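The block underneath contains the structure these notes are about, expressed in structure tokens.
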Amino acid sequence: MTNDDSPLGGAAGGEILRVEGLRKEFPGVVALDGVDFDLRAGEVHVLLGENGAGKSTLIKMLSGAYRPDAGRIVVDGAPVEIRGAGDAQRLGIATIYQEFNLVPELSVGENLALGRPPRRFGLVDTKKMHERARELLARVGVDVDPRTPVGRLGIARMQMVEIAKALALNARVLIMDEPTAVLTTSEVERLFAIVRQLRDQGVAIVFITHHLEEIPQVGDRVTVLRDGRSVTQVPASTPENELVRLMVGRPIDQQYPREPAAPGEPLLRVRGLGRRGAFEDVSFEVRAGEVVGLAGLVGAGRTEVARAIFGADPHDTGEVLVNGRPLPRGDVHAAMEAGLGLVPEDRKGQGLVLGADIAENLGLVTLRRASRGGFVDRAGQRRAAADVAGRLGVRMSGLGQEVRTLSGGNQQKIVIGKWLLADASVLILDEPTRGIDVGAKVEIYQLINSLTASGHAVLMISSDLPEILGMSDRVLVMARGRLAGELAAREATQDSVMALAVSEVEDARVH
Amino acid sequence: GSGGSDGSSAGGSGASGGDIKIGMSVSTLNNPYFVQLRKGAEEEAKKEGVALTVTDAQNDASQQVNQIQNFAGQNMKAIVINPVDSDAAGPAVKAAERSKIPVIAADRGVNGGTVAQTVASDNVEGGRLAAQELAKEMGEKGKVVVLQGVPGTSAARDRGQGFTEGIKAFPNIQVIAQQPADFDRTKGLDVMTNLLQSNPGITGVFAQNDEMALGAVKALGAKAGKEVKVIGFDGTPDGLKAVQDGTLSATVAQQPALLGQQAVQGAVKAAKGEKVEATVAVPVKIVNKDNVAEFAGS
Amino acid sequence: MHVSTDVLNGTAKAARRRHPAAAWLAENGALVALVVLVVGLSLLSGDFLTVTNLLNVGVQAAVTAILAFGVTFVIITGGIDLSVGSVAALSAIVLAWLSTDSGLPWPLAVLVALAVGLVCGLANAALIAYGKLPPFIATLAMLGIARGLALVISQGSPIALPDAVTHLGDTIGDYLPIPVLVMIAMGLITALILGRTYSGRAIYAIGGNEEAARLSGIKVDRQKLITYGLSGLFAAIAGIVLASRLASAQPQAASGYELDAIAAVVIGGASLSGGKGRAFGTFVGALILAVLRNGLNLLSVSAFWQQVVIGVVIALAVLSDTLRRRATT
Amino acid sequence: MHVSTDVLNGTAKAARRRHPAAAWLAENGALVALVVLVVGLSLLSGDFLTVTNLLNVGVQAAVTAILAFGVTFVIITGGIDLSVGSVAALSAIVLAWLSTDSGLPWPLAVLVALAVGLVCGLANAALIAYGKLPPFIATLAMLGIARGLALVISQGSPIALPDAVTHLGDTIGDYLPIPVLVMIAMGLITALILGRTYSGRAIYAIGGNEEAARLSGIKVDRQKLITYGLSGLFAAIAGIVLASRLASAQPQAASGYELDAIAAVVIGGASLSGGKGRAFGTFVGALILAVLRNGLNLLSVSAFWQQVVIGVVIALAVLSDTLRRRATT
Ligand SMILES: Nc1ncnc2c1ncn2[C@@H]1O[C@H](COP(=O)(O)OP(=O)(O)OP(=O)(O)O)[C@@H](O)[C@H]1O
Ligand SMILES: Nc1ncnc2c1ncn2[C@@H]1O[C@H](COP(=O)(O)OP(=O)(O)OP(=O)(O)O)[C@@H](O)[C@H]1O
Ligand SMILES: [Mg+2]
Ligand SMILES: [Mg+2]
């Protein structure tokens, strides 16, 4: 279970890695414009910065995914060139990327050993591979069979597999790009326990997060990036609002600016919704002007319920009514016509056309409405896209930039933005602020406020409990595919929500 | 060995000295028969000292039209066309007509356009001869299967038609199956193998070209030439060799090299503005054990 | 597409402006290859750069180009259509058969022929969208079925076309071959559909990420019907043009053209994994193939070597494009 | 990068608790189609279910199957190889030409022929991995080049094989045709490579998510060389088996086989977008095609209808598989 075969054996404090004046330019964008950064053994070094500040680009140069245009990387006092994943592995650098790098068709075990499977007589030793996988999975506390194809896992479990995969390398530098973005509180705690344990063994850890409250919990030092430059370095104990000021350049007085509106007619009614093996007997309603939060642990079935409501997947029992009219089963188009919208949790797989540009992606949902006699009003669409991109502060070289090349947080803004254009009367948001910086989050919350103020309704799924508590008028909690309870905004606290979320899990869990 | 050893260049142009340029579009070169035809044509061109350009239409009528158009654009003095399809060659020939370039049709005629000369052996007649020869070999009784060429090609059509007509004269001979093997030796082998399963009593095979016939011979093994008589078509070197060996009972020799030679002769004459005969018939001949020696040398 | 706008938020860096011509070239890489090819052939053969010959090239490109325009829709959705050659042949046979054997007036026969192409395409789409068949398998099956039906209807023999239809293969005046006009018209229609219509934009989204398209309210199945339907319809048009050039419908016509059509689309910059592709690129791709064949004929390259040379030039053409693109980024 | 498109669509939980036999069937759907086909043909024709005929089917499947095994590697990486038919022909021609004209001892000639296949495959890979050509274009170019070279070397005529090599087409005793043995051996090798070797697993990773594979330290370019190299090598073996059956190497042999090979792989459950595919599935796919052709011959289906029937049956075979899969989930 422990990492005692780690190659470095606990020498804490010495500098392992340093970068000086790192610069990286992409067509149309200077992503990094002189970054200095150093990393010591046995520390957790947090990288902080707005969406598009250059955090991921920086770590991709440490992992060999990109090559710097200028500047140098020094490891153990000697300048190095990291040309590819192989070089990084030799230097003892392991990376968990912001976007998953798993092979969906292959099993969990195989993914954990990707690129270096155990071999016997020159052949892959599947048995040993799965044994090792089982150990690793136990270490991160994920209960899946190593033979399960990764493609069948939920997004949070995938993240845990990514973490296990990086642990398997026994690296002395571990880079984690927003590992907590899709995790719920309990997984985050488990992850932090692992991180602290590694740190105590002398592993140097680079940690990126947009959850500022995590920084004092796990970090030692913080380097702040702004516009591709490293602006300052502060201890992790720096107060949150000071960090915000350093990062965004201005203070944010209210993190959750929810302005409740008077609830009106129920717009969305879900009655006894169920699908065999996934969820059952889910009933609730969402009224005009309301934000209803949907909380739960990973795998509780929130995403599946949301998709069933929207018609993205069929359901076996129950019905969904929008404005009093029942929706046909499994028909996205009809759901949209009735006024539903869904921001999916998996931006790459379900939210974006990565190869298309920003304008195209933003216009996708409203494409039908912007068409007259089969022809699309592209100029009008472009204007609307420019407007939304401006409101969300998307950092881009222009509306023609390919979405693939946007930073993770900016991609998420596009996914949300296209639904803001759609003017849905009930908007379902599945992990809407995943990977979004504090400044932009407030922007999105304000947009939610203006939606509800104008009589729309929002159903918000989030694994970020403070967000659920801060923005919801009512909180629904799911556990094991059932609605475990409902809390009014006043009575909802971290503890009361968690108590409900684990309620049925406790009963059912035997091991 | 049959190929490779003849040493003629694969290149299209013959002697470069002549100022007469002749274009020739061959229906396909994926078939030894037409390779022979080209060889005869090239040898004749060399002898006459004219520049001959040969293109391969790959059994595609519209590619052939393209090639003829291209020839017209190149100021060829005469064009030899070996039509992929007689009907579809019409527009091609018309295009040449407009440019006042004489056209010689080789091996197949042209419908719907005027050619200066047609040099051909008759596929329908060949089919008839094959039927007679097969009947003779089989003692005018027994069961026959036909291996058909690529469905829809004129060669498959004409040979099939001739054979069907010819075999009617023998009431005791029954055609029990007709299956396509696409002029291909491998397919000939596979289809024949399969037909032997469902029709064990076969005593005769008509293959619409030598390639399929050789495949059938392979499938028949020791039976070929003994219990089962196989007749091919074309008289390719491999086919003639099989006739010599006795595995192939006969083939309908078309003398493709002679055909090519005659066509180029006609083209040169036409190019010089001399008068040419409207048709030149290159004899189709049954080649069997008795006369194979005359052909094998060529 | 790289028009910079003034919506950059405050923190964004000014885009390093690329010269518009360079950007345009990067998007139309195949065009460079075509120009090189044309210049090279002009130098090598005096017959190449004449009006007549260039018109010939246009006529010779027409059928492949029309097929390829249809296939462009399919490839942008991430699919493939192997059946277009066979469907072209079937449509032409139906046209010839109806207007000769059944004595249907030829305009009606033309309509039926177009309908046949459309139906073949819709059948492909139904198998793919509702039967969940891989497009490769569905259209491979259709390749056999349509070719077989063409043979069955024609009994394996070519059927002469009515004279009226034959004129579709003619040249108006000295310099306006109808096949070229049809090709250009189909190209413009393709560009219009892809660039301006709802279906066109939806097709790109489906090819880029089918799930995202579906969750954005696009009826993916219906758009696939339209896509493959268009491909079938274009194939029928190509078949009629082809038959009119030959004055007869051939059951074996256009066999193997599917690979040429797909090659034209891919040379033109589309990706077989979907989401990319343009009418102009496809047009250039089809021209490259036609110029190449024409040039090799003019240069009297031996038949056996022609296949080798065509293979090498296609590889080089696309190679130069990808390498140049890598160099500029 | 569709890591999680079907992540949350609920098929997962149902699939997790399925009967092992049902799970096995879902993975080997084509087998059901094959069984149905065999039963159907046995009822329709008394000649079908005999030992001799089944051996015939095996022999007739051999070349396609061997080609398809090679193509399986390529398709799992998300690529495609259109050149295998041509490469098979070229290798066979080289073998025959060297051992007759140049008088090379035949074992040496066989080695050279295999090397030719390998080199063709590596050339494809180099164009794809280093030249960044789409696999479709690179291998389409090679299709032309290899076929052209086969024609050039052979002057367009078949070349007889030396007797020693011809025995490769023979049957040992009454029931052991060597082509079938070679096919089975190649199938086992394919299964072993795919299932148990580093390269095999790497190939799946590349097809599933090339970027993830690269970032995990897999040398993607090198693995592509291996993949296409194997495909070329397998094609050479198929070419030799084919030529040995005919006792002569034909320049036009195996043309069009690439589509059959790809169809066999896809019928066997692989996906052209990569990451999926198995040796056994491919084997079943090749058998389906061979059984179908054999059965149609036995039933004496008319030439014109054969293509229609083959198309319909292929569509139905894969359709039954996809529909059943949908019903069980
Ligand atoms: N391949 C690329 N091509 C063009 N631009 C790119 C590319 N990769 C990154 N960029 C740009 O570089 C900038 C920095 O991106 P990066 O991903 O490093 O941001 P980040 O700090 O990780 O942001 P986030 O918090 O949203 O993940 C962004 O403006 C992004 O659009
Ligand atoms: N025991 C399990 N083994 C493997 N996968 C599981 C298991 N339980 C749940 N899952 C995965 O979790 C998903 C169901 O949870 P869902 O994603 O709908 O819930 P959620 O509350 O939104 O959680 P998440 O935060 O992961 O999205 C299923 O798609 C399934 O793949
Ligand atoms: Mg990032
Ligand atoms: Mg979820």
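Please read all numbers here as calculations on a predicted model, not as lab measurements. All chains are named by letter (A, B, ...) in the order of the sequence lines, taking the proteins before the strands, and each is independently numbered beginning at 1.
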Residue pair C/G311 / D/A141: nearest heavy atoms and the distance that separates them | O-CB, 3.1 Å

Does the side chain of C/V318 reach to within under 4.5 Å of the side chain of D/F136, using non-hydrogen atoms?
-> no

Taking atom CH2 of C/W305 and atom CG of D/L151, what is their separation to the nearest 0.5 Å?
-> 11.0 Å

Top residue by heavy-atom pair count (under 4.5 Å) with chain C, among D/I314, D/L133, D/V266?
-> D/L133

Which atom pair, heavy atoms only, marks the closest approach of D/G131 to C/T322?
-> O-OG1, 2.8 Å

Interchain contact, C/I267 with chain D, by part (heavy-atom threshold 4.5 Å) | both

Name the member of D/L259, D/L272, D/L316, D/V313 that forms the most heavy-atom pairs with chain C at distances under 4.5 Å.
-> D/L259

Starting at CG of D/L319, measure out to NZ of C/K132 and round the result to the nearest 0.5 Å.
-> 11.5 Å

Under 4.5 Å to a heavy atom of chain D? For C/L140 that would be side chain

Distance from C/I145 atom CD1 to D/Q307 atom CD, nearest 0.5 Å?
-> 10.5 Å

In this structure, CD1 of D/I310 is separated from CG of C/L143 (nearest 0.5 Å) by 11.0 Å

What part of C/A263 gets closer than 4.5 Å to chain D, counting heavy atoms only: side chain, backbone, both or neither?
-> both

